[in-house]
Each structure stands twice: as C-alpha cells, then as structure tokens.
Trainee: 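The structure follows.
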Amino acid sequence: MKTIIEPFRIKMVEPINLTTREQREQLIEAARYNPFLLRAEDVIIDLLTDSGTSAMSAEAWAAMMRGDESYAGARSWYRFRDTVKEIFGFEQVIPTHQGRAAEHILFGVMVQAGSVIPNNTHFDTTRANIEFFGGKAVDLPCIEADDLDSDYPFKGNMNIGALKKLIATEGPARIPLIMITVTNNSGGGQPVSMENIREISRIAKDAGIPFYMDACRFAENAHFIKRREAGFENTPTIDIAKEMFSHADGCTMSAKKDAFANIGGFLCTNDAELAHRERNALILSEGFPTYGGLAGRDLEAVAVGLREVLDEDYLDYRLLSTRYVVQHLRDMAIPVVAPAGGHAVYLDARRFLPHIPPLQYPGQALAVELFIEAGIRGVEIGTVMFGSDPHTGEEHPARLDLLRLAIPRRVYTQSHMDYVLEAIQQVWQRRDDIRGMRIVEAPKFLRHFTASFDWV
Ligand SMILES: *Cc1c(COP(=O)(O)O)cnc(C)c1O
C-alpha cells in the first residue's frame with residue numbers, strides 16, 4: 001500500500017472549540033500578542049509544542065493504574081530505572097520532573113563562572129541554565145545548516161572543525177562538558193548522524209572532556225539514522241539508539257518528548273561520584289532519588305512510553321507525517337526549513353516576511369497572523385527567543401527567524417494538517433500587508449514565555 005495511515009485507532013476524544021476570526025482578533029490582543037498567554041481552549045490546532053502534549057496509549061494508561069506511590073523504593077521506580085538503563089545504557093539514573101530540572105542539576109554541579117559549553121545548538125532552557133550558573137553556551141551548528149533549502153540529511157550535526165578550534169583556544173579545563181542535542185530542536189528539528197556522534201565522542205575522549213547528549217528526541221534521531229545513513233538500513237532502531245548512547249558519558253532527557261509522557265525527565269551518567277553530588281542537589285529541589293519530582297504513576301507512563309516510541313511503524317508514520325506538511329509547503333513555494341525534521345515544521349519567517357527586519361520579530365508577527373487566520377498556535381524561534389543578552393539586555397538579530405509548528409505525537413490527523421496547510425497558504429497570499437512587532441515588556445531570562453507585544 002502506498003497510503004500511509006496513522007498506525008493507531010482513536011478511542012477517546014477531546015472536542016475542539018471552533019472560533020471566528022473576530023473572536024481570535026480579540027483573543028490575541030487580550031493575550032498581548034503572545035501565543036503563550038492564550039487560553040488553550042481558544043486554540044483550534046495547538047502546535048505550540050510537542051512537549052507533554054502526546055496522546056498516551058491504552059497500555060500507558062493501564063500502567064498508570066499500577067503506579068506504586070511509596071515514598072522510597074517504589075516498584076514503579078525500579079521499572080522506570082531498569083527501562084532507562086536497558087535503552088540508554090548508563091549506570092546512574094536520576095529521575096526529574098522534566099528536562100530542565102535535569103539540566104539545572106547537571107549544570108549546577110558541572111558549570112562554573114567562565115565555563116564554556118559547546119552544543120550543536122543549545123535549546124532555550126539549556127542555554128538559560130548554563131548562563132544562570134555563569135557559563136557560556138556556544139552553538140556550533142554544521143555549515144550545511146545555514147542553507148535552509150538544501151536537503152543535506154544531517155543538518156543537526158555539530159561543526160567538528162569549530163569544536164576542535166574551541167577546545168584549542170579555550171583549553172579543555174574551561175570546558176566541563178560537550179553536549180549534542182538529538183534531534184537539533186532550535187536548529188530546525190534536524191538529526192545528527194552516527195558518524196558525527198562518533199567523531200565528537202573521540203574528540204571529547206582525547207581532550208578528557210565528558211560528552212553528554214540532550215536526548216529529548218532520541219528515537220526520532222535514531223530512526224532518521226536508519227532511514228538516511230549508510231550502513232544502518234537493516235539495524236533495528238532500538239539498537240541504533242543504544243549505539244548513540246554508548247558513545248556518550250551521560251544525558252539529559254525530557255520524557256515529555258520521546259516518551260509520550262505528559263510530565264517527566266531524567267539525568268544519566270556513568271560517573272558514580274558525580275551522581276552522588278547530583279542526588280544531593282535532587283533531594284534539595286526535586287525529591288527523593290527514587291521519584292525525583294514524579295508520582296509513581298508518572299514513572300510507569302515513562303517506562304511504557306520509552307518502549308513504545310521505538311516502534312518502527314510509529315516512527316515511520318511520525319517522520320512521514322512531518323514530511324507531508326513540508327512537501328506541500330515546498331510545492332506552494334512557501335519558505336520552510338528543508339529537509340523535514342522529526343517533530344516540527346519550521347516556516348522561515350525572515351523570507352516569508354522579508355519587509356520586516358529581525359528586530360521587528362517576523363517570526364512573532366507570523367505566529368500572531370496564523371492564529372488570527374485559523375486559530376493555529378505556533379512559536380517563534382528567533383530574535384524574540386535568542387536575540388537578547390541576559391546580562392547586558394542588548395538586542396541583536398538571532399541567526400534565524402523561524403516559526404515552529406510542533407506536531408504533538410499521535411494527536412492530530414492528516415485532515416488537521418490539511419487545514420494547517422490551507423491556513424498558511426492564506427497568510428502567504430496576504431503577506432505584504434503584515435506589519436512588524438515591538439516588545440512592550442519582557443523579563444531578562446526566557447523572555448519569550450511572558451513578553452508582551454504590539455504592532456509597530
Ligand atoms: C524540551 C527540551 C528541553 C527541556 O525539557 P523540558 O521537559 O521542557 O524541561 C531540553 N532540550 C531540548 C532539546 C528540548 O526539546
């Protein structure tokens with residue numbers, strides 16, 4: 001069969017509240033032109049994030065009923081720990097309530113003022129946590145990522161030459177760890193090749209620097225390797241995932257992504273002494289080391305989700321459904337990051353709205369217009385998110401201005417995506433009339449979550 005179907009049936013539904021254009025104009029104004037400040041029930045198709053928004057399976061719900069809510073040493077903890085150890089392969093597992101809590105604990109023990117931490121591209125919470133502890137977060141995306149139109153298969157790769165240069169100029173002592181984000185969220189949801197992972201691992205070992213993976217979308221990355229990298233065509237995706245982790249010394253993970261969970265995360269390492277210090281920090285902020293800010297039922301849901309997400313029929317459907325949207329946009333000549341990433345579609349707002357300069361936030365303007373047009377909520381990944389120095393408050397254009405439409409796992413069908421495509425096309429047809437935006441008020445850290453805007 002050529003038709004790709006959603007490999008699941010729906011047995012529980014949630015109604016969508018359909019609004020009019022006039023209502024949406026009022027709603028987004030009341031939200032001070034920040035889609036984060038809208039009420040979710042006022043959104044028709046919510047593509048704000050794929051984080052914590054997945055549809056859980058009947059199996060995961062059933063497992064939640066088995067949750068052991070004992071304070072210490074619960075059965076659910078051992079199920080969670082053993083599943084993580086089996087797939088990820090690290091010796092020490094530290095549960096946290098979500099990914100950024102794992103980052104906060106990791107950087108709290110490893111980063112000092114003046115530390116430098118390279119990554120292919122730091123996710124916003126990763127960067128903010130490093131900067132919070134006085135470190136410098138350095139992005140080293142591969143050169144191929146600059147060409148948004150090319151179909152280079154592994155645009156999430158790190159620039160190996162730039163990494164070597166950074167180690168040579170800073171010296172290994174200033175670099176407490178090297179990170180790689182799989183897939184590369186901020187850089188376009190693009191995968192990292194096994195070749196790149198192996199090379200970074202070698203460089204890190206030679207320099208005596210620990211190598212960590214930001215593993216949020218490890219299953220999508222592993223499946224891209226299977227479908228795009230020579231030599232992995234016949235390797236089960238789970239084995240590819242295991243090899244990815246075998247090259248690293250630890251990882252941070254948000255179970256809200258590739259574990260289908262609504263909440264959860266963890267931190268892994270092979271260093272027992274480091275884990276000891278991390279557990280002390282965990283007890284202070286998250287909870288006892290056998291639950292780390294999670295209920296027993298959450299630990300159960302994550303344990304089931306980590307296995308389900310490696311189902312290859314699911315992963316084929318997942319990657320193809322994102323590609324479906326990207327291909328149709330390209331057919332309409334609408335500027336979009338190519339090739340399709342795993343979890344999201346990224347409109348290139350700078351080329352979509354070339355008359356709006358970066359410091360008037362074309363990604364934000366596009367997000368607002370798409371909501372007004374059809375009630376679709378996306379998120380700006382650009383100058384609002386990355387264009388301000390938290391220490392000086394100075395503004396500069398981000399490397400890219402994108403509008404991310406993240407696709408929740410197993411939530412929307414193809415007809416929902418056809419609706420999204422039609423809405424984007426309608427905004428595209430009236431793009432010349434769209435104005436830029438200005439910030440009315442914003443905090444210093446992670447300003448995109450709560451900033452308020454107005455039209456220029
Ligand atoms: C979501 C995400 C995080 C943070 O995880 P939370 O669960 O949202 O705290 C870190 N890195 C990447 C790449 C992510 O996508």
Side-chain angles (χ1 to χ4, degrees), residues 36 47-54 84 88 94-108 111 117-132 137 139-141 145 155-158 177-192 197 212-222 224 244 248 250-268 282 285-286 292-294 298-299 301-302 305-306 309 318 322 341-346 378-381 385-386 402 404-409 445-446 448-449:
F36 278 104
L47 307 181
L48 185 67
T49 176
D50 64 321
S51 178
T53 53
S54 301
V84 173
F88 289 67
I94 295 170
T96 61
H97 80 279
Q98 61 184 93
R100 72 197 64 186
E103 292 168 353
H104 193 77
I105 289 169
L106 175 69
F107 300 140
V111 172
I117 295 92
N119 201 326
N120 46 357
T121 311
H122 287 278
F123 184 64
D124 57 354
T125 61
T126 317
R127 169 175 293 278
N129 270 301
I130 289 169
E131 289 171 350
F132 179 82
D139 292 339
L140 304 176
K155 283 185 176 175
N157 282 355
M158 184 181 276
L177 71 160
I178 297 168
M179 285 194 96
I180 187 95
T181 305
V182 295
T183 56
N184 190 359
N185 187 345
S186 311
Q190 304 291 330
V192 179
I197 291 170
Y212 273 69
M213 235 170 242
D214 179 339
C216 295
R217 297 178 184 80
F218 75 99
E220 289 171 11
N221 200 90
F224 272 124
M244 283 164 49
C251 75
T252 55
M253 172 74 188
S254 170
K256 301 173 73 174
K257 321 289 170 54
D258 270 357
F260 294 120
N262 300 129
I263 197 73
F266 50 88
L267 172 61
C268 292
L282 183 82
S285 60
E286 292 280 288
L294 294 171
D298 298 325
L299 296 167
V302 173
L306 285 174
V309 79
R318 174 75 173 158
T322 309
H343 68 291
V345 174
Y346 292 76
V379 66
E380 192 254 21
I381 304 254
M385 193 178 270
F386 296 117
L402 306 174
R404 186 185 76 182
L405 304 173
I407 305 178
R409 294 169 184 76
F445 285 96
L446 298 176
H448 54 286
F449 286 128

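Just follow the structure's listing: the first ligand is 1, and inside any ligand the first atom is 1. Since this is a predicted model, take the numbers as computed values, not measurements.
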Trainee: So, using salt bridge (charged side-chain N to carboxylate O under 4.0 Å, His left out) as the criterion, who are the partners of Arg318 when residues are at least two apart?
Mentor: Glu220
Trainee: At a 4.0 Å threshold, what atoms of ligand 1 neighbour a non-hydrogen atom of Lys256?
Mentor: 7 (O)
Trainee: Nearest heavy atom to atom 1 (C) of ligand 1 wins, so pick from His122, Lys257, His97, Gln98.
Mentor: Lys257
Trainee: For ligand 1, which atoms, with element, lie under 4.0 Å from some heavy atom of Glu103?
Mentor: 10 (C), 11 (N)
Trainee: Relative to the heavy atoms of Cys216, which atoms of ligand 1 are at a distance of less than 4.0 Å?
Mentor: 2 (C), 3 (C), 10 (C), 11 (N), 12 (C), 14 (C)
Trainee: Please check this pair: side chain of His122 against backbone of Met179, looking for a donor-acceptor N/O pair closer than 3.5 Å.
Mentor: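 Checked: no pair found.
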Trainee: Kindly give the heavy-atom pair with the smallest separation between Pro118 and Met158, and that separation in Å.
Mentor: C-CE, 4.2 Å
Trainee: So, using side chain to side chain donor-acceptor pair (under 3.5 Å) as the criterion, who are the partners of Asn262 when residues are at least two apart?
Mentor: none
Trainee: Under 4.0 Å from any heavy atom of Thr181, which atoms of ligand 1 are there?
Mentor: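 By the 4.0 Å cutoff, the relevant atoms are 13 (C).
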Trainee: Keeping Thr181 on the side-chain end and Thr183 on the backbone end, is there a donor-acceptor pair under 3.5 Å?
Mentor: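 A pair under 3.5 Å: no.
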Trainee: Compute both the distance and the angle, then confirm whether Lys257 meets the cation-pi test with Phe123: under 6.0 Å from the six-membered ring centre, within 45 degrees of the axis.
Mentor: yes
Trainee: Under a 3.5 Å distance rule, please check whether Glu131 uses its side chain to pair with a backbone N or O of Ala137 as donor and acceptor.
Mentor: no
Trainee: May I ask you to list the atoms of ligand 1 that are less than 4.0 angstrom from any heavy atom of Gly99?
Mentor: 5 (O), 6 (P), 7 (O), 9 (O)
Trainee: Please state whether Gly265 comes within less than 4.0 angstrom of ligand 1, counting heavy atoms only.
Mentor: no
Trainee: Do me a favour and list the nearest non-hydrogen protein atom to atom 11 (N) of ligand 1 with residue, atom name and distance?
Mentor: Asp214 OD2, 2.7 Å
Trainee: Identify the protein heavy atom lying closest to atom 8 (O) of ligand 1, giving its residue, its atom name and the separation to 0.1 Å.
Mentor: Arg100 NH2, 3.0 Å
Trainee: What's the verdict on side-chain contact (heavy atoms from CB on, under 4.5 Å) for Asp50 and Ile407, showing C-alpha distance, side-chain angles and the deciding distance?
Mentor: CA-CA 5 Å; Asp50 64 321; Ile407 305 178; over 6 Å; no
Trainee: Could you check which of Asn184, Asn119, Thr125 puts a non-hydrogen atom nearest to atom 4 (C) of ligand 1?
Mentor: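 Among Asn184, Asn119, Thr125, the closest heavy atom to atom 4 (C) of ligand 1 belongs to Thr125.
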Trainee: Considering non-hydrogen atoms of the protein only, which is the closest contact for atom 7 (O) of ligand 1, and what is the distance?
Mentor: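 The closest heavy atom on the protein side is Ser254 OG, 2.7 Å.
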